K.L.:
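Before we start, here is the structure in question, set down as structure tokens.
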Protein chains: 2
Amino acid sequence: MTDEDPVSRYTVRSVAKAFRLLSMVAEAPAEGVTLSEVSQHMGMSKSAAYGLVRTLLDADYLYAREPGPRYCLGTALVWLGDIASRRLPLRDITAPILARLSQQTGLTIRVARVDDGHPVFINRVDAVGAVRFHTPLGVRELPHTSAAGKAILAALPDAEVERIAAECGLPRRTRKTITEVPALLADITVARRRGYAIDDEEDFEGVFCVAAAFFDHDGGCAGALSATGIKVDLPAWRIEELGRMVRAGADEVTGLLGGRPRDREV
Amino acid sequence: MTDEDPVSRYTVRSVAKAFRLLSMVAEAPAEGVTLSEVSQHMGMSKSAAYGLVRTLLDADYLYAREPGPRYCLGTALVWLGDIASRRLPLRDITAPILARLSQQTGLTIRVARVDDGHPVFINRVDAVGAVRFHTPLGVRELPHTSAAGKAILAALPDAEVERIAAECGLPRRTRKTITEVPALLADITVARRRGYAIDDEEDFEGVFCVAAAFFDHDGGCAGALSATGIKVDLPAWRIEELGRMVRAGADEVTGLLGGRPRDREV
DNA sequence: GCATGCCGTGCGGTAATACCGAACGAAAGA
DNA sequence: TCTTTCGTTCGGTATTACCGCACGGCATGC
């Protein structure tokens, strides 16, 4: 084996495998996976998979649900995830604003931080009695299919938007997804004037989002707030109202971050 | 090496080390840890620690905060923790009740599930503007120092309580912690009559908790709801009111679980 | 009732590996 | 300027994790 592996020379392979296993369980149905499924998907023998699973069980990263047994994500991940998310400064700062917006609007409110032009949602508050959207946290999302992503793009110069678009390729998610760079730039230009970005069924059919970006002390975009609802519940006047509320919430976050809002930009 | 290790023959050692490292970072200050600290605390060479850290960085289980660099828990853990906690059925069922109780009381409301007589908190809703308590999720807690723990114990027969008490040894946390089995049984007996359990500065100085258990279709205790506040803010009449509200919330959870509430028990 | 898969569990042997030690450039402190 | 400490990199080797194989249990099908 003289060829160059995709893994660095310093990668501990067993650990990387364990993480691949956890990702596989996370993406599998909630009932969990069997040992044989693990050995198949991981391309390793059953006995090797058994050792790996046992290690994860002992550490509470997995737990065995009888009968089967089927393996599911364990409480150690709840523990670590709670600590990790609490230590994101943005989360603490924005939590009360999310709660207030959720009460005011009756919608699901989320906050994303920026990762190289892409949104990573780090918290979510579901309104009581509202539709629950199963949107993941902690994942780098596509920038062009969510309102939060477009609000973040709108804070960047057009050249940067084009670079990011070329990088991720603007894949289609629904029939309304913007898949061409000029259309994306046009949409962003409107968002800059309006003060908030809109996702009109561009990520999921029937789902509508409104988002506004906030900025830190550098004047750089630090993230975005978004409100998510079912499209049929949102007439035009309601969308404008939501836009103003989200915009106001984002400005408040900007203030708490010691930042300065930009003129004529989201 | 013919001696019996504490780890099973099937334990993948590198993976266990990676988990120990994550636990270490989780218990360290929020600013993160340096590579040298890792190699020291883990008892391994710097180069080995470097390989491990690089692996965790590549998988987003850690991220490097400049300068230093200092290593902190990464967004992959936020992702996995979010999925793991969403898949706990109790969490979805109780979420709206937590939110309502939090609004009604202005306190932090938590829900714990039962793990062999011990409470494991799986969700928490902080009231807006209230004091934030940094209580971890997903950890097996001591049963005798929290209101939720005592509410769970109150649902068990005395013999079982004595077994659990012998197992964990009733360690002291504050000067008010109950450290003797007879006193614990007496406290639990009162809780059974009253319908809710109380933690009066037995876990943290100045912190007061009220909790009530809920039950599943077997009639077994499935967990408990608790309300947490600063002691000076809670006169006696307020505590009684809180107890009734938490009790009512727990009964509601019991109903949603298809369970039946017990007579004269928490 | 018997055969037949399939699953989870255990055990050697060996090829793959993760670890140690040493060394280097850079940055911070004396 | 000198010293210390940090993160990083690189061979060599002892450790190891993996594969193949076999066994017991549990359903399913004939």
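Quick caveat: nothing in here was measured; it's all calculated off a predicted structure. Residue numbers start from 1 in every chain, and the chains themselves are labelled A, B, ... in the order their sequence lines are given, proteins ahead of strands.
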K.L.:
Under 4.0 Å between a Lys/Arg side-chain N and an Asp/Glu carboxylate O for A:D126 and B:R86?
P.N.:
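A salt bridge links A:D126 with B:R86.
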
K.L.:
Nearest to the side chain of B:K46 - D:dC18, C:dA18, D:dT8?
P.N.:
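In terms of side-chain proximity for B:K46, the closest of D:dC18, C:dA18, D:dT8 is D:dT8.
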
K.L.:
Ion pair present between B:D82 and A:R124, side-chain N to carboxylate O less than 4.0 angstrom?
P.N.:
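The answer is yes: the pair qualifies as a salt bridge.
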
K.L.:
Provide, to the nearest angstrom, the distance between the NZ atom belonging to A:K17 and the P atom belonging to C:dA16.
P.N.:
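That distance rounds to 12 Å.
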
K.L.:
Specify the residues of residues 21-44 of chain A, ordered by number, for which at least one heavy atom lies under 4.0 angstrom from an atom of DNA chain D.
P.N.:
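Heavy-atom cutoff 4.0 Å gives A:M44.
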
K.L.:
Can you identify which nucleotide, out of D:dA17, C:dG21, C:dA18, has its nearest atom closest to the B:V12 side chain?
P.N.:
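For the B:V12 side chain, the nearest candidate turns out to be D:dA17.
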
K.L.:
If you assign each of A:R70 and B:A48 to its closest nucleotide in DNA chain C, which residue comes earlier from the 5' end?
P.N.:
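Counting from the 5' end, the first nearest nucleotide belongs to A:R70.
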
K.L.:
Tell me whether A:E37 contacts the main-chain N or O of A:T34 through its side chain, where contact means a donor paired with an acceptor under 3.5 Å.
P.N.:
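Pair found, side chain donor or acceptor close to backbone of A:T34.
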
K.L.:
May I have the distance from A:R13 (atom CZ) to D:dA17 (atom P), rounded to whole angstrom?
P.N.:
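Atom-to-atom, A:R13 to D:dA17, this comes out as 14 Å.
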
K.L.:
Atom CG of B:L52 and atom P of C:dC19: how far apart are they, to the nearest Å?
P.N.:
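In whole Å, C:dC19 P and B:L52 CG are 7 Å from each other.
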
K.L.:
I'd like to know if A:R163 and A:D116 make a salt bridge, using a cut-off of under 4.0 Å between side-chain N and carboxylate O.
P.N.:
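A salt bridge links A:R163 with A:D116.
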
K.L.:
Using C1' atoms of five pairs at each end, report the bend of the helix from C:dG1-D:dC30 to C:dA28-D:dT3 rounded to 10 degrees.
P.N.:
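End axes: 40° apart.
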
K.L.:
Please report the closest heavy-atom contact between A:V38 and A:M24, naming both atoms and the distance.
P.N.:
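So the minimum-distance heavy-atom pair works out to CA-CE, 3.8 Å.
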
K.L.:
Which atom pairs, donor and acceptor, lie under 3.5 Å between side-chain atoms of residues 43-53 of chain B and protein residues at least two apart or in another chain?
P.N.:
unit_1	atom_1	unit_2	atom_2	d
B:S45	OG	B:S47	OG	3.2
B:S45	OG	B:A48	N	3.3
B:Y50	OH	B:R54	NH1	2.8

K.L.:
From C:dA18, D:dG20, D:dT8, pick the nucleotide closest to the side chain of B:Y71?
P.N.:
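Side chain of B:Y71 sits closest to D:dT8.
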
K.L.:
For the residue pair A:E31 and A:R70, what are the closest heavy atoms and their distance?
P.N.:
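Nearest pair, atom of A:E31 first, then A:R70: O-CB, 3.4 Å.
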
K.L.:
What is the minimum heavy-atom distance between A:C168 and A:H118, and which atoms define it?
P.N.:
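Taking A:C168 first and A:H118 second, the nearest heavy atoms are CB-NE2, 4.4 Å.
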
K.L.:
B:S45 side chain: which of C:dA18, C:dG8, C:dC20 is closest?
P.N.:
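Of the options given, the side chain of B:S45 lies nearest C:dC20.
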
K.L.:
Is it true that a side-chain atom of B:T174 and a backbone atom of B:E205 form a donor plus acceptor pair closer than 3.5 Å?
P.N.:
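Not at all, since once roles are kept as given, no pair shorter than 3.5 Å links the two residues.
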
K.L.:
Checking all strands, does B:S14 fall into the base, sugar-phosphate, or nothing category for heavy-atom contacts under 4.0 angstrom?
P.N.:
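If one applies the 4.0 Å heavy-atom cut-off, B:S14 turns out to touch the sugar-phosphate alone, with no base involved.
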
K.L.:
What's the closest nucleotide to the side chain of A:Y50 if the choices are C:dT9, C:dC20, C:dC19?
P.N.:
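Closest nucleotide to the A:Y50 side chain: C:dT9.
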
K.L.:
Rounded to whole angstroms, how far apart are CZ on B:R65 and P on D:dG7?
P.N.:
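One finds 15 Å between P of D:dG7 and CZ of B:R65, rounded.
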
